[in-house]
Amino acid sequence: MRTLAEIEGQIKKELNRIRPYLNSEGGDIEFVSFINGVVHVKMLGACMGCMALDYTLKDGVEALLVELVPEVIEVVNDSEVEE
């Protein structure tokens, strides 16, 4: 069984692989947390107002992380949650 630090490390590594594609469109992604199989991220820049955000998050980011990180079951956008 992997530690939380190992899982989060792999998640961050995979997000860094995705980042150039988001940056090329003026957006970005930030890792927030990993809780009970759910990756919490903040979509930044152009991603925040993009009409394709749900598609990018679910069919792009989530699909990749679920495939490559066995512990991940979902990715959610915390960008609209007030801190």
Side-chain angles (χ1 to χ4, degrees):
M1 180 174 247
R2 299 195 309 163
T3 67
L4 180 59
E6 291 170 329
I7 297 166
E8 287 182 350
Q10 185 181 4
I11 291 167
K12 290 175 185 177
K13 176 183 167 190
E14 301 306 337
L15 290 178
N16 283 333
R17 289 178 51 202
I18 298 167
R19 183 167 279 113
Y21 301 104
L22 297 172
N23 292 161
S24 72
E25 298 293 329
D28 205 352
I29 189 166
E30 176 184 300
F31 174 80
V32 175
S33 63
F34 176 69
I35 303 168
N36 298 324
V38 179
V39 178
H40 295 261
V41 298
K42 283 190 178 184
M43 302 303 288
L44 306 169
C47 289
M48 291 178 64
C50 180
M51 292 175 47
L53 176 61
D54 290 339
Y55 174 78
T56 300
L57 191 65
K58 293 297 179 180
D59 294 341
V61 177
E62 181 176 280
L64 182 72
L65 289 180
V66 167
E67 179 181 338
L68 298 176
V69 185
E71 296 85 355
V72 173
I73 58 172
E74 184 180 14
V75 176
V76 296
N77 178 17
D78 285 353
S79 297
E80 298 173 2
V81 176
E82 290 195 29
E83 298 178 13

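Bear in mind the structure is a predicted one, so any value in this text is a computation, not a measurement.
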Is there a donor-acceptor pair under 3.5 Å between the side chain of Gln10 and the backbone N or O of Leu68?
yes
If you group Ile, Leu, Val, Met, Phe, Trp and Tyr by side-chain heavy-atom gaps below 4.5 Å, do Leu4 and Val75 land in one group?
yes
Compare every heavy atom of Glu71 with every heavy atom of Phe34, then report the nearest pair and how far apart it is.
CZ-O, 3.7 Å
Would you say Lys58's side chain and Glu74's backbone share a donor-acceptor pair under 3.5 angstrom?
no
Please give me the minimum heavy-atom distance between Ala46 and Glu25, naming the atom from each residue.
CB-O, 3.4 Å
Nearest atoms (heavy-atom pairs only) where Asn77 meets Met43
OD1-N, 3.5 Å
Heavy-atom pair with the smallest gap, counting every atom of Val72 and Val66:
O-CG2, 3.7 Å
Measuring from atom CD of Glu6 to atom CD1 of Ile11, what distance do you get when rounded to the nearest 0.5 angstrom?
12.0 Å
Are Val41 and Val76 joined in one hydrophobic group, where the rule is that I, L, V, M, F, W and Y side chains link up if heavy atoms are under 4.5 Å apart?
no
To the nearest 0.5 Å, atom CG of Asn16 lies from atom CD of Glu14 at 9.0 Å
Check Gly27 against Cys47 and note the closest heavy-atom contact, atom names and distance.
CA-SG, 3.7 Å
Hydrophobic cluster membership, Leu53 vs Val61, 4.5 Å side-chain cutoff:
yes
Within one Ile-Leu-Val-Met-Phe-Trp-Tyr cluster: Leu65 and Ile7, side-chain cutoff 4.5 Å
yes
Under the side chain to side chain contact (heavy atoms under 4.5 Å, CB included) criterion, do Val69 and Lys13 qualify, and how do the steps go?
CA-CA 11 Å; Val69 185; Lys13 176 183 167 190; over 6 Å; no
Donor-acceptor pair, distance only, cut-off 3.5 Å: does the side chain of Arg19 make one with the backbone of Ile29?
yes
Once you round to the nearest 0.5 Å, how far does CD of Glu30 lie from NZ of Lys12?
10.0 Å
Just how far is it from atom CG of Leu22 to atom CG of Leu44, taken to the nearest 0.5 Å?
9.5 Å
